[in-house]
Q: 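Just passing along the structure, written as structure tokens.
In this chain, residues are counted from 1 in sequence order. The analysis underlying the following values was restricted to heavy atoms, covering all of them including side chains, and did not include hydrogens, waters or symmetry mates.
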Amino acid sequence: MSLHKPPDHPPHPDGPLDHRIVVDNIIQAMSDGVVVISPQGKITRVNRAMCEIVGLRAEDMLGRGWAELFFDREENLAFNQTVVEVIQSHQSVHNRPVSFVAPDGRRRELIATTSLIREEGRIIGLVGVFKDITELSLLHERERRLLAHSMRLYEEKLESLDRVARAVAHEVRNPVTAIGGLANRLLKLEPPGSRAAE
């Protein structure tokens, strides 16, 4: 007689998969942050990527209210609105850019998608997926700064070329004016059709 209690669902290589385990593994493997919130506003599931984004451990989030954890910072208003809006309107929020400031002050740029979870017509929760685009945003910002700097250099170069062109025109105009004046005097002194006039 075995002293160990046999598992409720013994694993079998050819048997059906436990869908909850599969879903949990998929959620944990995702690079985007995933959070599931109960109809009472409690966090029931969170993956490692979400913990990294918000700067909290899973054990500090599970079972606690979304409002309790995130409503205390004004800077996170748009982040919180992605959840509040879905609850109020029953409409999903898709690919909304938002910022999040973690407790340690780190700022993250995110793309948020939130939606209600329904089962047989009733709401059983809310899921939020948050893609961290902070590095991409920083890269775009650097590109914008480089482009603005390049444009300034280009404009300065154009101004320099304009100054050089005006200086050259001035240097050429002085002798041309003198030559023109001398030619006019010669025309007055020489008869028309003469070699000097030509």
Side-chain angles (χ1 to χ4, degrees), residues 7-12 14-145 147-148:
D8 294 335
H9 297 62
H12 189 280
D14 299 321
L17 294 172
D18 184 332
H19 294 295
R20 287 172 302 178
I21 293 172
V22 172
V23 169
D24 277 339
N25 277 281
I26 291 170
I27 288 172
Q28 287 304 327
M30 287 177 67
S31 59
D32 294 345
V34 177
V35 61
V36 177
I37 305 167
S38 73
Q40 294 75 37
K42 304 285 185 195
I43 295 172
T44 60
R45 185 171 285 165
V46 65
N47 71 351
R48 283 185 287 273
M50 190 68 186
C51 293
E52 175 63 27
I53 288 169
V54 298
L56 295 169
R57 299 177 309 164
E59 51 266 35
D60 295 331
M61 297 171 68
L62 292 171
R64 294 182 65 189
W66 178 271
E68 173 190 354
L69 289 171
F70 302 117
F71 275 23
D72 61 336
R73 291 189 84 128
E74 253 183 69
E75 307 101 303
N76 294 332
L77 178 64
F79 173 77
N80 288 316
Q81 276 302 113
T82 61
V83 170
V84 172
E85 194 174 309
V86 171
I87 293 167
Q88 290 176 344
S89 70
H90 288 207
Q91 298 292 316
S92 298
V93 168
H94 294 285
N95 300 321
R96 181 175 296 170
V98 296
S99 295
F100 177 81
V101 180
D104 64 3
R106 282 181 314 149
R107 185 180 194 86
R108 300 276 190 170
E109 299 303 323
L110 310 170
I111 297 291
T113 297
T114 50
S115 181
L116 293 174
I117 305 169
R118 300 175 191 271
E119 184 178 67
E120 297 176 359
R122 63 191 182 90
I123 296 166
I124 61 167
L126 181 145
V127 63
V129 179
F130 297 88
K131 179 182 245 353
D132 188 345
I133 58 163
T134 307
E135 289 301 318
L136 189 61
S137 293
L138 290 172
L139 182 63
H140 284 314
E141 183 56 37
R142 280 196 293 272
E143 285 176 352
R144 277 194 294 272
R145 282 199 302 267
L147 182 60

Q: NZ of Lys42 to CG of Leu62: how many Å apart, nearest 0.5 Å?
A: 12.0 Å

Q: Check side chain to side chain donor-acceptor pair (under 3.5 Å) between Asp32 and all other residues, then give those that pass, not counting sequence neighbours.
A: Lys131

Q: Work out which heavy atom in Ala58 is nearest to a heavy atom in Cys51; give both atom names and the distance.
A: N-SG, 3.4 Å

Q: Any chance CD of Glu74 has more than 12 other-residue heavy atoms, nucleotides or ligands included, within less than 6.0 Å?
A: no

Q: Which atom pair, heavy atoms only, marks the closest approach of Met30 to Asn47?
A: O-ND2, 3.7 Å

Q: Can you pull the ring-ring contact (aromatic ring centres under 6.0 Å, His included) pairs that have at least one residue in residues 25-45, sequence neighbours excluded?
A: none

Q: Check whether Arg73 reaches the backbone of Phe100 with its side chain - one donor and one acceptor, N or O, closer than 3.5 Å.
A: no

Q: Consider only side-chain N and O atoms of Glu109 and Ser99, and report whether a donor and an acceptor are under 3.5 Å apart.
A: yes

Q: At their closest point, which heavy atom of Arg118 faces which heavy atom of Ile123, and how far apart are they?
A: NH1-CG1, 3.8 Å

Q: Is there a side-chain contact between Asn76 and Phe70, using heavy atoms and a 4.5 Å cut-off?
A: no

Q: Report the residues that fulfil side chain to side chain donor-acceptor pair (under 3.5 Å) with Ser92, sequence neighbours left out, ordered by chain and then residue number.
A: Ser115

Q: Taking C-beta and beyond as the side chain, do Gln81 and Val98 meet within less than 4.5 Å on heavy atoms?
A: no

Q: Hey, does the side chain of Thr82 reach the backbone of Thr114 with a donor-acceptor pair shorter than 3.5 angstrom?
A: no

Q: Test side-chain contact (heavy atoms from CB on, under 4.5 Å) on Val101 and Phe79; report intermediate values, then the result.
A: CA-CA 9 Å; Val101 180; Phe79 173 77; over 6 Å; no

Q: For Asp132 versus Leu110, what's the shortest heavy-atom pair and its separation?
A: CA-CD2, 3.8 Å

Q: Would you compute the distance between atom CZ of Phe130 and atom CZ of Arg96 and round it to the nearest 0.5 angstrom?
A: 10.5 Å

Q: Stepwise, does the side-chain contact (heavy atoms from CB on, under 4.5 Å) test hold for Met50 with Ile43?
A: CA-CA 12 Å; Met50 190 68 186; Ile43 295 172; over 6 Å; no

Q: Under the salt bridge (Lys or Arg N to Asp or Glu O under 4.0 Å) criterion, do Glu75 and Arg107 qualify, and how do the steps go?
A: CA-CA 10 Å; Glu75 307 101 303; Arg107 185 180 194 86; over 6 Å; no

Q: Identify the two heavy atoms, one from Glu52 and one from Arg106, that lie closest to each other, and give their separation to 0.1 Å.
A: O-NH2, 3.3 Å

Q: Tell me whether Gln28 contacts the main-chain N or O of Val46 through its side chain, where contact means a donor paired with an acceptor under 3.5 Å.
A: yes

Q: Which heavy atom of Asn95 sits nearest a heavy atom of Thr113, and at what distance?
A: N-OG1, 3.1 Å

